[in-house]
Amino acid sequence: MIPYIQSKLVIKRSNNNLPYTLVSSSKLDGRADGVVDSREKLLEFCFDYCYWSVDPADPHYASQEEVFQDLGVSVLSGSSEGYNVCLFAYGQTGSGKTYTMMGTPDSIGLTPRICQGLSSYECYICLCSFLEIYNERVRDLLRGGEQKKRASLRVREHPEKGPYVQDLSQHVVSDCKQAMDLLEEGIANRMTAATHNHDASSRSHAIFTIQYTQAILENNLPSEIVSKINLVDLAGSERADPHYCRDRLTEGSNINKSLVTLGIVISALAQNCQMSSMGRRRHCFIPYRDSVLTWLLKDSLGGNSKTIMIATVSPSANSYNETLSTLRYAAHARNIVNKPRVNEDANVRLIRELREEIDRLKSMLLSFEMRNPSPSLSDERDGNLSDIVLQNELKVTHIVTSA
Ligand SMILES: Nc1ncnc2c1ncn2[C@@H]1O[C@H](COP(=O)(O)OP(=O)(O)OP(=O)(O)O)[C@@H](O)[C@H]1O
């Protein structure tokens, strides 16, 4: 949020269980030039958290640390359990996305805090990559040499792993400092430009990915779980201004195109989740491929990922419409139910499933024997179940010995 404008729009923090309210009030505090609107409109939105970070002196002021404790810590815990996690910031230009995701040197944001938090986990391989989507093209932000930096990369789709960027550089990091250095290098390479609302506006969507592998021992079998954290700082949505130069207009229209597609994807996913919850089968098509952003975030938006969306809004009275649209966007996104699963080794999963099946069959056998004490009655069924148990146990032994 922009800290310096006293606003006509107030996001009131109410009692914990009540919805947060966006109020269009009749007063323009501290501003003499605005048109005073005597009508008051009350709109209610429900979110998991609501932060007010305009004035550090305000008793409700939310610091970067508070946001990290609520959101960053759950990113770390989800990924340490082996889930893919995605955290993305969406909002109008200048409303604080980069501040929230990256922060400033005096007040570091979520991404560097997550890197710091990761350093306390025991992982034996940690890989980082950093890309930006500028004018619907993917660029590697961590590639040396001017030529390579400007080259656009192809997005492809793996049948199991989903969409990925071909030839994107991945960098092994062994401590927090190395990850922070990569982050700084990438931020310096990112496309920014001055717009009316913001003199260093990010003109691209940036995705910082941390992939780390943990060694575990499951079912006496050495195994590994791989977790992926996608930290996304989207470019700001903004109305087109005919006074901008051609480059700015092209950037703006591409940014808006991908954000519109993101909105359509979010609405369609939310609608599908609603239909599923009502037991209906007919689902609408999700146009992931209509923009590079939605294609790359396919899994994060509607698949195997625990995803957090942060909606940033400006308290400025002039931003009423953008604020409303951001809150509607976020309200839609809140209805999406993803299906995250632990990224465990395929053999370990098979062993777990077979052992569960063995336990289930054994308890079936036991209850069958108890209900039919006469051996002649239960012999045939008993024999079948015992055979399946034996086969499954042999499969488990085979996997364990051949691993
Ligand atoms: N809560 C805050 N406290 C202090 N400064 C803030 C806060 N939110 C934003 N700012 C400052 O406001 C300015 C704009 O914020 P930021 O760059 O994060 O906006 P943005 O949403 O990423 O914009 P764009 O989409 O144009 O890149 C920056 O100078 C940032 O440091």
Side-chain angles (χ1 to χ4, degrees), residues 1-7 9-11 13 49-72 87-113 130 132-135 141 183-184 186-208 231-241 244 247-260 262-263 293 309-316 318-319 321-323 325-327 329-330:
M1 290 176 197
I2 297 178
Y4 42 82
I5 305 172
Q6 277 294 325
S7 140
L9 292 174
V10 185
I11 295 178
R13 193 174 183 150
Y49 298 96
C50 183
Y51 303 104
W52 179 250
S53 60
V54 174
D55 176 12
D58 190 300
H60 296 307
Y61 178 78
S63 62
Q64 298 269 37
E65 176 59 19
E66 190 180 326
V67 177
F68 171 73
Q69 286 304 330
D70 288 343
L71 309 179
L87 197 153
F88 70 96
Y90 172 88
Q92 179 196 356
T93 183
S95 56
K97 296 180 293 298
T98 306
Y99 180 82
T100 310
M101 294 303 294
M102 309 294 177
T104 58
D106 302 332
S107 167
I108 60 168
L110 280 168
T111 307
R113 281 171 199 265
F130 203 0
E132 74 173 346
I133 304 169
Y134 176 68
N135 280 344
L141 290 173
L183 195 61
E184 270 170 35
I187 291 171
N189 288 333
R190 210 178 152 188
M191 279 288 184
T192 57
T195 61
H196 287 323
N197 285 342
H198 187 193
D199 54 8
S201 174
S202 314
R203 309 307 289 156
S204 65
H205 309 299
I207 307 181
F208 185 69
L231 300 161
V232 188
D233 179 17
L234 296 178
S237 52
E238 196 191 19
R239 267 188 244 125
D241 183 328
Y244 281 153
D247 281 359
R248 244 5 31 90
L249 285 174
T250 316
E251 280 167 4
S253 89
N254 278 315
I255 292 170
N256 288 341
K257 182 187 153 199
S258 54
L259 294 176
V260 166
L262 180 63
L293 175 72
M309 174 181 178
I310 301 174
T312 57
V313 293
S314 155
S316 161
N318 296 334
S319 306
N321 288 332
E322 279 88 352
T323 300
S325 125
T326 301
L327 295 176
Y329 222 96

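Indexing begins at 1, ligand by ligand and atom by atom, following the structure's order.
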Can you check whether Thr312 has an N/O within less than 3.5 Å of an N/O in ligand 1?
no
Rounded to the nearest 0.5 Å, how far does OG of Ser325 lie from CG of Leu259?
9.5 Å
Interatomic distance, Lys97 atom NZ to Ile310 atom CD1 [nearest 0.5 angstrom]:
11.5 Å
Ligand 1 and Lys97, any nitrogen or oxygen pair closer than 3.5 angstrom?
yes
Taking the six-membered ring for Trp, are Phe208 and Phe130 parallel (under 30°), tilted (30 to 60°) or perpendicular (over 60°)?
perpendicular
Say whether Ser319 and Gln92, considering side chains only, have a donor N or O and an acceptor N or O under 3.5 Å apart.
yes
Using a plain distance cutoff, I'd like to know if Thr104 has any nitrogen or oxygen under 3.5 Å from a nitrogen or oxygen of ligand 1.
no
Does ligand 1 come near enough to Gly96 that some N or O of the ligand is less than 3.5 Å from an N or O of the residue?
yes
Could a heavy atom of Gly94 be found less than 4.0 Å from some atom of ligand 1?
yes
Using distance alone, determine whether Thr98 and ligand 1 share an N or O pair under 3.5 Å.
yes
Kindly compute the distance separating CD1 (Ile187) from CG (Asp233), expressed to the nearest 0.5 Å.
8.5 Å
Could you grab the distance from atom CG of Leu71 to atom CZ of Arg113, nearest 0.5 Å is fine?
12.0 Å
Atom indices of ligand 1, in the order listed, that fall short of 4.0 Å to a heavy atom of Gln92:
21 (O)
Considering distance alone, does some N or O of Thr100 sit under 3.5 Å from an N or O of ligand 1?
no
